[in-house]
Structures are given as structure tokens and as C-alpha cells.
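Beneath this line is the structure, given in C-alpha cells, with notes to follow.
Both ligands and their constituent atoms are indexed starting at 1 by order of listing.
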Amino acid sequence: MKQRIEDIKNKISKAAIACGRNADSVQLVTASKTVSADKIQEAALAGVKIFGENYIQEARQKMESDELANFSFSQISWHFIGHLQTNKAKYAVKMFDLIHSVDSFKLANELNKHAQNNFKVQNILIQVNIAKEATKSGIYEEEVEALIRKIGHFKNISVKGLMIIPPFYNDPDKARPYFKAVCDLRNHINETITTEIAPNVSMDELSMGMSGDFETAIEYGATLVRIGTSVFGKRD
Ligand SMILES: *Cc1c(COP(=O)(O)O)cnc(C)c1O
């Protein structure tokens, strides 16, 4: 596993440098759904800093496990990358440094409320359903600006950028238009939404790219690539 992680980190750095970016401008988020706590521990000891989980209960069991409970927050960080139900917002706020998948005003509002109760500013990304797929969560491209205007003044959430899961293709080139679209959308929001309207918004992060297409995503500005299979092998 150590070797696989080194390989992926090298590929990430190379892809960044190839398009004129800094090698350290892209972070690896290791997608660890269905992966056991001991495997995650092995990855953490091999240098993985960020783990992305999809389900609250599964994530909690791993975080509290003997294998992982003793890692400090400076050693590893947990991100939520799955679909988040509003009634789970109160748990998510206690567990995750970044929630990638905020896709409604109601959820953002709930996160803000619970973050306030926990004396925390919760970092979030807005998930965009970039190809308008019926099976995927996320809001449509056209709705992003309005949502950010509505939540941008919330004191206990901080919008850090956008997340997408483009349609799955065997050829990563086919995902290019979606990576480009979300990059353009981010730039547009940066130009139109001022810090006066939305003091807690800084659109620096783009969470996109998985095992099959992260190098292409990096060309379009990905700062967080979510990679599971290439680190842990195929999921059961
Ligand atoms: C599982 C998952 C990934 C990782 O996918 P791989 O193809 O295994 O690299 C990335 N993002 C999300 C939201 C996931 O659920």
C-alpha cells in the first residue's frame, strides 16, 4: 500500500507541474468507504493525511476504533464526501473538517445551526450536479450562485468551493467538459460575489477527480482529488 500511495502522490505532483501549478496545490483525499479501520490505519501510517467517508455511522465506527482513535487531528483529517441527509447534519458537524456535498439551503442552514452550537465554523463545498444526472445529488449549475448568496453571510459555515462527480466514462477525456464547466463556474462566482455579500465565501477549492480521471481534473484546477480504488484496491 505504501508503494501505491507514493505512486499516486507522484502522479498528482506531476500532473500539477505539467500544467504550471505547484506540486503541493492538490491534496489527496483518500476515499475510504467500506475499507476497514486497520487498512485506514495502514494508509495513515504510510502518509495519507485526509480520509473521505460517505456514511456517518460507518465513519463514526472507524474514527472511534482502536486503530484510529489515537490519531490526532494534526495527523489525519476526515472529510465527508457522501450524500448528507439534513437530519444527520448535527453528527457531521462534530466529525468532519470539510463536508464536500452540501446541496441545499436547508442542509446549509442546519449545518450552520449545529456548527454554532459546537462553537465551530464548518467548512463546506457545494456539490454541483454538473451533468444534471437523475441519479446524482447536487444542485444545478444555474442554482449555485443564488445558493451562495443566500448562505454566504452565515457565521458558522464557510464555503470553500465546489465539488462534482461527473458521469462515469472509461475515457477521462470525456469528462473534460464537466471539469471545465465547474472551473468556469467557480471563476464566475469569484468575479460576481463580493466579500461584502458573502464574507464567509472563498472559492479556492475544487473537489473533483477520482481514480480514473484525477490527472485530467488537475488540468482544470482540482485542489482535492478523491481517490479510493487506486489506494485500497477494488471495493467488495
Ligand atoms: C468512492 C468515491 C470516490 C473514489 O472513487 P474511486 O473510483 O474508488 O477512486 C470519490 N468520490 C466519491 C464521492 C466517492 O463516493
Side-chain angles (χ1 to χ4, degrees), residues 1 3-12 15 26-37 39-40 42-44 46-63 76-85 88 92 95-104 107 123-139 160-176 178-179 182-183 205-236:
M1 194 189 302
Q3 189 56 55
R4 284 205 295 268
I5 291 165
E6 283 309 309
D7 286 350
I8 290 160
K9 285 185 173 173
N10 285 334
K11 282 185 185 161
I12 290 172
V26 186
Q27 288 185 286
L28 168 64
V29 178
T30 302
S32 48
K33 59 176 175 275
T34 77
V35 175
S36 62
K39 287 277 174 212
I40 296 176
E42 194 184 335
V48 169
K49 297 262 181 273
I50 308 173
F51 292 95
E53 286 282 340
N54 292 58
Y55 306 100
I56 295 289
Q57 199 168 337
E58 181 189 333
R60 186 190 292 120
Q61 279 172 3
K62 293 175 192 176
M63 289 177 185
I76 59 174
S77 163
W78 296 90
H79 290 188
F80 192 78
I81 63 174
H83 176 66
L84 185 59
Q85 291 167 278
K88 303 271 172 71
M95 296 165 67
F96 296 100
D97 293 326
L98 179 65
I99 297 170
H100 290 224
S101 47
V102 175
D103 62 356
S104 70
L107 176 57
N123 293 327
I124 65 166
L125 305 178
I126 306 298
Q127 182 172 355
V128 186
N129 186 351
I130 198 73
K132 299 190 164 72
E133 292 173 279
T135 54
K136 295 231 169 97
S137 346
I139 59 171
K160 296 293 185 188
L162 305 174
M163 181 270 225
I164 61 163
I165 309 172
F168 178 80
Y169 299 109
N170 285 318
D171 174 5
D173 275 341
K174 296 219 168 79
R176 260 175 212 284
Y178 302 113
F179 294 139
V182 82
C183 180
E205 307 290 347
L206 288 180
S207 168
M208 58 189 192
M210 318 209 299
S211 290
D213 57 13
F214 67 92
E215 285 152 309
T216 312
I218 288 170
E219 285 180 49
Y220 294 94
T223 59
L224 296 159
V225 292
R226 309 177 310 264
I227 299 179
T229 315
S230 302
V231 172
F232 295 115
K234 264 203 157 37
R235 287 177 292 273
D236 307 321

Report yes if some heavy atom in the side chain of R226 is under 4.5 Å from a heavy atom in the side chain of H79; otherwise report no.
no
Distance (rounded to the nearest 0.5 Å) between T30 OG1 and I76 CD1:
10.5 Å
Do you see a donor-acceptor pair shorter than 3.5 Å between the side chains of Q3 and D7?
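There is such a pair (donor and acceptor under 3.5 Å, judged by atom type) between the side chains of Q3 and D7.
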Could you check whether S137 and D103, counting side-chain N and O atoms only, form a donor-acceptor pair closer than 3.5 Å?
no
Check for me whether the distance between the ring centres of F51 and W78 falls short of 6.0 Å.
yes
Measuring from each atom of ligand 1, which residues have a heavy atom under 4.0 Å away?
A31, K33, N54, I81, I165, M210, S211, R226, I227, G228, T229, R235
Excluding sequence neighbours, so at least two apart, what forms salt bridge (Lys or Arg N to Asp or Glu O under 4.0 Å) with K62?
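Partners of K62 by the salt bridge (Lys or Arg N to Asp or Glu O under 4.0 Å) criterion, ordered by chain and then number, come out as E53, E58.
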